[in-house]
Engineer: 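Quick one: this structure, given as structure tokens, is what I'll be asking you about.
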Amino acid sequence: MEFDVDAPWRLHSQVAVRPEPFGALLYHFGTRRLSFLKNHTVVEVVRSLPEHPSARAALETAGVDAKPAYTEALAALAHSHMLVTT
């Protein structure tokens with residue numbers, strides 16, 4: 001699955017976010033998968049996705065543009081069904 005940075009994304013409706021000192025834990029109640037977000041900027045971007053027309057816009061608002069490390073993190077979350085397109 002290729003991640004479309006220009007598409008609108010959001011957390012899956014069955015995903016819960018728990019803030020942690022290192023970043024956040026994401027738990028998918030449907031798949032029972034757990035993801036650790038160890039970067040506060042990624043946490044900020046993931047939480048703000050519904051407020052933006054695309055992942056690119058969310059990344060730009062966070063001040064990191066579409067840098068590969070950030071788009072790869074979002075792609076991994078999409079691949080594990082933590083993120084879905086709207």
Side-chain angles (χ1 to χ4, degrees):
M1 171 182 181
E2 188 168 325
F3 183 75
D4 183 0
V5 73
D6 293 311
W9 292 88
R10 64 172 174 80
L11 282 171
H12 189 285
S13 61
Q14 292 184 319
V15 173
V17 179
R18 186 172 101 187
E20 294 289 341
F22 58 80
L25 291 174
L26 273 60
Y27 181 74
H28 194 300
F29 287 93
T31 64
R32 302 176 91 185
R33 293 187 83 160
L34 184 66
S35 292
F36 295 84
L37 300 184
K38 298 178 184 176
N39 181 304
H40 291 280
T41 302
V42 173
V43 175
E44 176 186 336
V45 169
V46 166
R47 286 179 169 250
S48 73
L49 284 170
E51 302 166 11
H52 298 283
S54 68
R56 183 182 306 279
L59 290 164
E60 289 172 355
T61 299
V64 292
D65 298 322
K67 293 181 181 174
Y70 293 95
T71 57
E72 289 169 14
L74 295 178
L77 291 172
H79 181 73
S80 65
H81 306 289
M82 296 287 182
L83 298 179
V84 294
T85 57
T86 57

Engineer: Closest approach of A7 and T85, non-hydrogen atoms and distance?
Structural biologist: CB-CG2, 4.3 Å
Engineer: Show every salt bridge (Lys or Arg N to Asp or Glu O under 4.0 Å) that has at least one partner inside residues 27-37, sequence neighbours left out.
Structural biologist: none
Engineer: State which residues pass side-chain contact (heavy atoms from CB on, under 4.5 Å) with S13; sequence neighbours excluded, sorted by chain then number.
Structural biologist: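 With sequence neighbours excluded, S13 shows a side-chain contact (heavy atoms from CB on, under 4.5 Å) to R10, given in chain and number order.
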Engineer: Do you know the tightest heavy-atom contact between T41 and A62?
Structural biologist: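 Smallest heavy-atom distance, with atoms named: CG2-CB, 4.2 Å.
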Engineer: Considering all heavy atoms of both residues, which atom of S80 and which atom of S35 are nearest to each other, and what is their separation?
Structural biologist: OG-OG, 4.3 Å
Engineer: Evaluate the side chain to side chain contact (heavy atoms under 4.5 Å, CB included) criterion for residues L77 and L37: first the C-alpha distance (whole Å), next the side-chain angles of each, then the deciding distance (0.1 Å), finally the verdict.
Structural biologist: CA-CA 10 Å; L77 291 172; L37 300 184; 4.0 Å; yes
Engineer: Would you check if the side chain of W9 reaches a backbone N or O of D4 as a donor-acceptor pair within less than 3.5 Å?
Structural biologist: yes
Engineer: Go through V46 and L11 one step at a time and tell me if the side chain to side chain contact (heavy atoms under 4.5 Å, CB included) criterion holds.
Structural biologist: CA-CA 7 Å; V46 166; L11 282 171; 3.6 Å; yes
Engineer: Are H12 and H28, when compared by the centres of their aromatic rings, separated by less than 6.0 Å?
Structural biologist: yes
Engineer: Restricting to side-chain contact (heavy atoms from CB on, under 4.5 Å), what partner residues turn up for T71, sequence neighbours left out?
Structural biologist: V5, L59, A66
Engineer: Given a cutoff of under 4.5 Å between side-chain heavy atoms of I, L, V, M, F, W and Y, with clusters grown through shared members, what are the other residues clustered with F29?
Structural biologist: F22, L25, Y27, L34, F36
Engineer: Output every pair passing salt bridge (Lys or Arg N to Asp or Glu O under 4.0 Å) with a member in residues 11-26, not counting sequence neighbours, ordered by first then second residue.
Structural biologist: R18-E20
Engineer: Quick test of your reading: applying side chain to side chain donor-acceptor pair (under 3.5 Å), list the pairs with at least one residue in residues 44-68, sequence neighbours left out, ordered by first then second residue.
Structural biologist: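 Checked against side chain to side chain donor-acceptor pair (under 3.5 Å) - neighbours excluded - the pairs reaching residues 44-68 are D6-R56.
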